[in-house]
There are 2 protein chains.
Amino acid sequence: MARPTTGDKPQDIRRATVDEVSAVGSTSVSVNKIAARAGLSVGTIYRYHRSKDELLFSVFMEVKRDIHAAMMTAAADRQGPAARIRAMWFALVDYGFQAPGDFQLVELMSSETRVQFSGNEELKQLQSEVLGEIQKGVDDGTLVNTNVRTIETVLASPAITLARRVAMGRQVIDDDEVERIFTLVWRGVAADRQGLSG
Amino acid sequence: MARPTTGDKPQDIRRATVDEVSAVGSTSVSVNKIAARAGLSVGTIYRYHRSKDELLFSVFMEVKRDIHAAMMTAAADRQGPAARIRAMWFALVDYGFQAPGDFQLVELMSSETRVQFSGNEELKQLQSEVLGEIQKGVDDGTLVNTNVRTIETVLASPAITLARRVAMGRQVIDDDEVERIFTLVWRGVAADRQGLSG
DNA sequence: TTAATTAATGAGCAATTGCTCATTGTCAAT
DNA sequence: ATTGACAATGAGCAATTGCTCATTAATTAA
């Protein structure tokens, strides 16, 4: 008894938002242009989102969830902290390789001071799940016995750097380089040396 | 035989630009607001800079030079790659602590695909000086024998992450955390272990 | 004084922004 | 057919943008 939605508008909007943000930046992005890119009218965007801020934050959260899910799925069939963390790390980098725009959106929006960010419970939840995986590694002696956040910083930073480079198309990064970086990072955070070559 | 400039306008413009960019982002920044923040009129900005793009890029380059100089100065009186690289690393983090806005501007502008960036000779020069320092470490056996760019990525990424956190005021980072992070990173890139505790 | 030269101003223009809302399209039930 | 309900449209508004340029301020040389 109503006009049905044609196509998958939310998905179109998300795709257009990611494309536009990764093209012009998260702050100078324009709703009018997102609508044009999605092949929709502005009004339609405002049927699905209350404001520009809400639109950006909602797409940001979707992407965050996807990245988190990719990491957790990769870890799912691995046994033990070493294999799980390695799988999560490569999943993170891989996500950046396959969806550079998604990654750039997250990066750009994280570089801003947004009230919505600090204090968001779901965001905290995702973060603590990752820290939990690291904690297991510390507990069983796989990882060096230090602050989990410290370890997380050392692990995540190069992964983010790598993914960002791909997102910017600045340079091509081959699998060997990714492997080399993980090797160095793992040397740093692993408690003992497991098959290292000077 | 002409009206003299009063005050240091270029410096006022730089400060206002850094503040405005770190407040609203590099793409949505407005020349009108920079002028207002600097206590100048728009026209004056355009006496010193040809366009908005040129203004942003010129301030970006100034900051880049400052950061580079801080690293090189810190390394100047150190002997040997280990001490020099350590000094450079802490100088980089320290810069981010003391001038968060500067750091945020560099970060935000580097996250964009700007034609001016790739192909800029001065930028390449700064980068190659840093890589040269690392190369010395590889040559004399201090650092692990792998690609210098790989080592640079592993070293720089957490430093950038740290500085960004400070820039965003997201959390307070004490000296111990900085030291802990450097310890882990150095474990990763150093050829042998020098006084490490599991 | 007067002329020449440069510094600095800020009203204002064309273009673009986020967002609204009157209108039209499309379905199910009557 | 007609009606009620929702989906989707896009012209248009008030505000803001990057930038211009006619004007004024401040100085020295003649």
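As the structure is a computational prediction, the values presented were derived from the model and not from experiment.
- For the pair B:Leu56 CG and D:dT17 C1', the interatomic distance rounds to 14 Å; values are reported in whole Å.
- Shown here are the side-chain hydrogen bond (donor to acceptor under 3.5 Å, both in side chains) partners of B:Lys9, two or more places apart in sequence or in another chain: B:Thr6.
- Atom pair B:Leu40:CG and C:dG10:C1' shows a separation of 13 Å (rounding to whole Å applied).
- A sub-4.0 Å separation between OP1 or OP2 of C:dT17 and a side-chain N or O of A:Lys33 is present.
- When distances run from any side-chain atom of A:Val42 to the nucleotides D:dT17, C:dG18, D:dG10, the shortest one goes to D:dG10.
- Computed from coordinates, the B:Glu20 CD to D:dG18 P distance equals 10 Å when rounded to whole Å.
- When only modelled atom types and interatomic distance are considered, A:Thr142 and A:Asp140 share a side-chain donor-acceptor pair under 3.5 Å.
- Within the 4.0 Å cut-off from OP1 or OP2 of C:dA8, at least one side-chain nitrogen or oxygen of B:Lys9 is found.
- Within a 6.0 Å radius of CD in A:Glu122, more than 12 heavy atoms belonging to other residues, nucleotides or ligands are found.
- The salt bridge (Lys or Arg N to Asp or Glu O under 4.0 Å) test applied to A:Arg86 returns A:Glu179, not counting sequence neighbours.
- With hydrogens and angles left out, the side-chain atoms of A:Thr44 and A:Ser41 include a donor and acceptor closer than 3.5 Å.
- Of the listed nucleotides (C:dA11, D:dA8, C:dG18), D:dA8 has the atom at the smallest distance from the side chain of A:Thr44.
- Remark: P of D:dG18 and OH of B:Tyr48 are 20 Å apart, rounded to the nearest angstrom.
- Distance A:Leu55 CG to C:dT17 P: 15 Å, rounded to the nearest Å.
- Rounded to a whole Å, the CD1 atom of B:Ile45 is 13 Å from the P atom of C:dG10.
- Distance A:Lys52 NZ to D:dA15 P: 18 Å, rounded to the nearest Å.
- Across the protein-nucleic acid pair, B:His49 atom NE2 and D:dG18 atom P stand 14 Å apart, rounded to whole Å.
- A close approach under 4.0 Å does occur between a side-chain nitrogen or oxygen of A:Ser41 and OP1 or OP2 of D:dT9.
- The phosphate of D:dG18 has OP1 or OP2 within less than 4.0 Å of a side-chain N or O from B:Ser30.
- The residue among B:Val31 and A:Asn32 whose nearest nucleotide of DNA chain D lies closer to the 5′ end is A:Asn32.
- Among the nucleotides D:dC19, D:dA8, D:dT17, the one closest to the side chain of B:Tyr46 is D:dC19.
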